[in-house]
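No hydrogens, no waters, no symmetry mates; every other heavy atom, side chains included, goes into these values. Just so you know, these numbers come straight off a predicted model, no measurement behind them. For ligands, and for the atoms within them, numbers begin at 1 and follow the listed sequence.
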Amino acid sequence: MSDPTSNSTATSNAPARLVVVLSGRGRNLEAIIGAIESGQLHARIALVISNRLNARGLQIARLAGLACAALDPKAFADRDDFDCALARRIAAAAPDWVVLAGYMRILSSAFVQRFAGKLVNIHPSLLPRYKGLDTHIRALTNGDARHGASVHFVTPELDDGPLVRQGSMAIEADDTPAVLADRLMTQVEQRLYPAALADLVDGRVALRDGRVWRDGTIQEHCPHENYDAAPVV
Ligand code: GRF
């Protein structure tokens, strides 16, 4: 079988074009911007787009001099209409990768299919555990020893797509849901997403026929990094 991990961005030297889609604080966006600036991620952000006009993530994008757009769901008849407009704006930016970074709306399957194979998300749990919301509370309630995050290709099923990479850290005895969520962000998510995106833009990893390929072979086990040490600031 031929190596399917060939991508236009892997073979040319041009930085991959990313469109980042978000609803909230944009801490993953900050990490992606930092990874591009430090040379860890050979990419440029062609557009940051949000469904919330006053998302902090949009302010971060503006401060970084990035192209931004916001679409207000209230201005559209229904989800399909909104997703259609969102998809048009994204497609106009000619992305190699569409990066969901805290996008808090369920995507229609037409949207997902349109960007299939280049649409990725970060979810704050060790999937398949804790799909959906309140992942930090659920990890604490279950007495888990570790908590983590997953970067995955997006499929129409919520938080169900094939995994690119995972990362985790130990849960501390005095962690509250808020403390755990913040620590997961700075200790795991902000390192994991740039690393996973580098896998993609460098052409090491791709999705073909529903399977993740890494370095020319089907990825049977998703790489898992332990991020137990706090990041050096
Ligand atoms: C992150 O926890 C991410 O895993 C989830 O939404 C949150 C977004 O945070 N999908 P931010 O907007 O990147 O700060």
Between [X] and [Y], a side-chain donor and acceptor under 3.5 Å:
X: Y103; Y: N121; result: no
X: H136; Y: H147; result: yes
X: S168; Y: R146; result: yes

Region of M104 engaging ligand 1 - heavy atom pairs below 4.0 Å: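 Answer for M104: neither.
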Distance from atom 14 (O) of ligand 1 to nearest protein heavy atom, with residue and atom: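 Sorting protein heavy atoms by distance from atom 14 (O) of ligand 1 puts R27 NE, 2.7 Å first.
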Taking atom 2 (O) of ligand 1 as the reference point, the nearest protein heavy atom with its distance: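 So the nearest neighbour among protein heavy atoms is E189 OE2, 2.9 Å.
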D175 with R183: basic N within carboxylate O range, under 4.0 Å: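 A salt bridge is present here (some side-chain N lies under 4.0 Å from a carboxylate O).
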Any G26 heavy atom less than 4.0 Å from ligand 1: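 Under 4.0 Å: yes for G26.
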Sub-4.0 Å heavy-atom approach of I122 to ligand 1: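 It does, in that a heavy atom of I122 comes within the 4.0 Å cut-off of ligand 1.
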Transitive ILVMFWY side-chain link L126 to M169, under 4.5 Å: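 No, it is not one cluster - the side chains of L126 and M169 are not joined through contacts under 4.5 Å.
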Atoms in ligand 1 flagged as close to N28, the criterion being non-hydrogen separation under 4.0 Å: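 Counting from 1, the qualifying ligand atoms are 1 (C), 3 (C), 13 (O).
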Residue selection (non-hydrogen contact nearest atom 8 (C) of ligand 1) among S125, A31, G102, S50: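 That would be G102.
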Donor-acceptor contact below 3.5 Å, side chain N226 vs main chain D228: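 No, because the side chain of N226 does not come within donor-acceptor range (under 3.5 Å) of the backbone of D228.
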